[in-house]
Amino acid sequence: MESNDSEVKKECCGQCTGNNVEPRSKLHSYNWLADVPGGYNDFEIVEVAFKNTRKGFYKNSSHIPLQIGDMVAVEANPGHDIGRVSMVGKLVKLQMKRANLRPDLEILRVFRKAKQSDLERYEEAKSKEVDTMIRSRKIAEDLKLNMKIGDVEYQGDGNKAIFYYIADERVDFRQLIKVLAEVFKVRIEMKQIGARQEAGRIGGIGPCGRPLCCSSWMSNFVSVATSAARYQDISLNPQKLAGQCAKLKCCMNFEIDSYVEAVKQLPERNVVLETKDNLYYHFKTDIFKREITYSTDKNIAANLVVLSAERVFEVMALNKNGVKPDKLNIDSDERQREYSMYGDIIGQDSVTRFDKNKKKKNKNRNNRDRHNFDKNDGVSDEQQVEGENKSEKRRNHDKSQRNSWNNNRRSKGENRNGNDSRNVANNEKNEQSTPRTDEHNA
């Protein structure tokens, strides 16, 4: 079933009417409350999506059973408009709270599900949009207006057209509206958009080789400042920082929070490190490697020294206590010596620490046998006999010491037994001299 649904979605144009097919468009919202039982569809307001990023909230006062993906005819001023239901149920209430709508805002109604005649009229109006945009651009050029019409959107019934334009300065387009109304015989509405919104409507391929984020999934645009480039240590080159809209790239804001958190764990850049020879100033920082480069000159790269963040904190602590180290960086041999002395004291980092002793015994035994074999190899007979005599004398000496030790131990045992026997005799004598309590009482 999943494969069939995916094939249908690929062929879908984004304005399908089937209940089982949910188009994956830029304004797609995942229905994460769909399987929650009870009261899910009680909220009577639904969210309807139109062309590109335009959305609206409409009241389903007639209680029409609507699902995500249904094409509906909604109230407009004047006439009606055609859109697709993008969200239903309690999610709409959360979305309205996020949009910060005014309490006194008048919410328009949902008339009905779109009929076949409504869809035909809607498609006919959409087919006029490109020609209308080209002709309106020529009219604006003839009127010598400093503006650019980027897109045109017709209402579902064809009685109204929205012209989206870009302008750097204030534009007096009253004469333009009159001319457009006479030419196209519809109600005209002018709406100014920014460069990012225009790039999202037109689309394109970014320098990363992927479709523009503003045309594929972004619907809310946040201002991008040059401080985002400074936090990420990106060179302030306008040609590299600007996107196809001639504004700073939106993707510079994607990872800025991670960079800000990482910078908080690094030393401050205005700290000066002191040694016995020089003063070192901050030159550059590698946030990913947590390495800081210091220079002996504030303005140019001179006698550069690359330090880890931990080493910088150590030098800062020493300078705070009035101590100046001989040099900033620690050699690799010293670091290895420090690790071998203090890094693994009990050997807990070794995976084979439990079978280390057993291997060591076998290894020592094999080494001892090999040593004895190598020692006897190449020795003359007289030297070998002399060595055997010495070993026999050593064995006899060890045997005599062992016998004397056993005799001393045996003598101590006999003394202990004699003392025990005397103690037993004394106890029997005391028992005979002492009358029993029952006889004395008798």
Does a side-chain heavy-atom distance below 4.5 Å link [X] with [Y]?
X      : Y      : answer
Arg230 : Leu236 : yes
Leu248 : Leu241 : yes
Ile292 : His282 : yes
Ile188 : Phe163 : yes
Met316 : Val271 : yes
Val85  : Met71  : no
Val306 : Asn329 : no
Glu198 : Ile202 : yes

Using a cut-off of 6.0 Å, state whether more than 12 heavy atoms not belonging to [X] lie near its atom [atom1].
X      : atom1 : value
Glu141 : CD    : no
Phe173 : CZ    : yes
Asp168 : CG    : no

Is there a donor-acceptor pair closer than 3.5 Å between any side-chain N or O of [X] and the backbone N or O of [Y]?
X      : Y      : result
Ser86  : Glu47  : yes
Glu153 : Arg54  : no
Glu123 : Glu120 : no
Ser295 : Asp297 : yes
Lys185 : Glu182 : yes
Asn303 : Thr296 : no
Asp131 : Lys128 : no
Arg311 : Leu328 : yes
Asp286 : Arg290 : no
Asp157 : His80  : yes

- Distance-only polar pair, side chains of Ser117 and Arg121, donor-acceptor under 3.5 Å: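 Checked: Ser117/Arg121 side chains show no N/O donor-acceptor pair below 3.5 Å.
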- Test item: side-chain donor near acceptor, Glu291 and Ser308, under 3.5 Å: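 Not at all, the side chains of Glu291 and Ser308 share no donor-acceptor pair under 3.5 Å.
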- Query: Taking the six-membered ring of Tyr58, is NZ or CZ of Arg109 closer than 6.0 Å to its centre and within 45° of its axis?
  - Reply: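 Arg109 over Tyr58 ring: no.
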- Task: Among Asp81, Thr132, Asn159, find the residue that satisfies the side-chain hydrogen bond (donor to acceptor under 3.5 Å, both in side chains) test when tested with Tyr154.
- Result: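 So the option named by the test is Thr132.
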- Message: Holding to ring pair (Phe, Tyr, Trp, His ring centres under 6.0 Å), I want the full list of residues that pass it with Phe184, two or more places apart in sequence or in another chain.
- Response: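 Phe184 satisfies ring pair (Phe, Tyr, Trp, His ring centres under 6.0 Å) with no residue once adjacent residues are dropped.
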Return the minimal non-hydrogen interatomic distance between [X] and [Y], and the atom names on each side.
X      : Y      : answer
Cys245 : Ala199 : CB-CB, 4.0 Å
Asp70  : Gln67  : OD2-N, 2.8 Å
Ile107 : Met96  : CD1-CE, 4.0 Å
Phe221 : Cys214 : CE2-CB, 3.4 Å
Leu307 : Leu273 : CD1-CD1, 4.0 Å
Leu176 : Met190 : CD2-CE, 4.1 Å

- Can you tell which of Val323, Val315, Asn319 makes a side-chain contact (heavy atoms from CB on, under 4.5 Å) with Glu274?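 Single pass found, and it is Asn319.
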- Message: Taking side-chain contact (heavy atoms from CB on, under 4.5 Å) as the criterion, tell me which of Val110, Asp118, Asn60 meets it with Val72.
- Response: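 Running side-chain contact (heavy atoms from CB on, under 4.5 Å) over Val110, Asp118, Asn60 with Val72 returns exactly one hit, Val110.
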Once you round to the nearest 0.5 Å, how far does [atom1] of [X] lie from [atom2] of [Y]?
X      : Y      : atom1 : atom2 : answer
Leu266 : Thr285 : CG    : OG1   : 6.5 Å
Lys284 : Leu304 : NZ    : CG    : 7.5 Å
Asn77  : Gln155 : CG    : CD    : 8.5 Å
Ile162 : Glu129 : CD1   : CD    : 10.0 Å
Asp151 : Arg201 : CG    : CZ    : 5.0 Å
Phe254 : Gln232 : CZ    : CD    : 11.0 Å

- Going through the checks in order, is the side-chain hydrogen bond (donor to acceptor under 3.5 Å, both in side chains) test met by Tyr165 and Ser136? CA-CA 11 Å; Tyr165 72 95; Ser136 62; over 6 Å; no
- Query: Hey, mind stepping through Asp277 and Lys324 against salt bridge (charged side-chain N to carboxylate O under 4.0 Å, His left out) and telling me if it holds?
  - Reply: CA-CA 9 Å; Asp277 298 333; Lys324 296 182 180 180; over 6 Å; no
- Item | Test log, rule side-chain contact (heavy atoms from CB on, under 4.5 Å), inputs Tyr164 and Val152 | CA-CA 6 Å; Tyr164 297 93; Val152 177; over 6 Å; no
- Should Ile287 and Asp233 be marked as a side-chain contact (heavy atoms from CB on, under 4.5 Å) after you check the CA-CA gap, both sets of side-chain angles, and the distance that decides it? CA-CA 9 Å; Ile287 300 176; Asp233 287 337; 4.0 Å; yes
- Item | side-chain contact (heavy atoms from CB on, under 4.5 Å) between Met218 and Cys250, intermediate numbers included | CA-CA 10 Å; Met218 287 184 65; Cys250 297; 4.1 Å; yes
- Query: Which residue pairs pass the side-chain hydrogen bond (donor to acceptor under 3.5 Å, both in side chains) test when at least one of the two sits in residues 237-259, sequence neighbours left out?
  - Reply: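 Output for this query is empty, none listed.
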- Message: Could you walk me through whether Ile166 and Met147 satisfy the side-chain contact (heavy atoms from CB on, under 4.5 Å) test, starting with their C-alpha distance in whole Å, then the side-chain angles of each, then the deciding distance to 0.1 Å, before giving a yes or no?
- Response: CA-CA 6 Å; Ile166 302 172; Met147 60 183 296; over 6 Å; no
- Task: Would you sort out whether Asp142 and Arg137 count as a salt bridge (charged side-chain N to carboxylate O under 4.0 Å, His left out), showing the intermediate values?
- Result: CA-CA 9 Å; Asp142 294 337; Arg137 286 181 178 178; over 6 Å; no
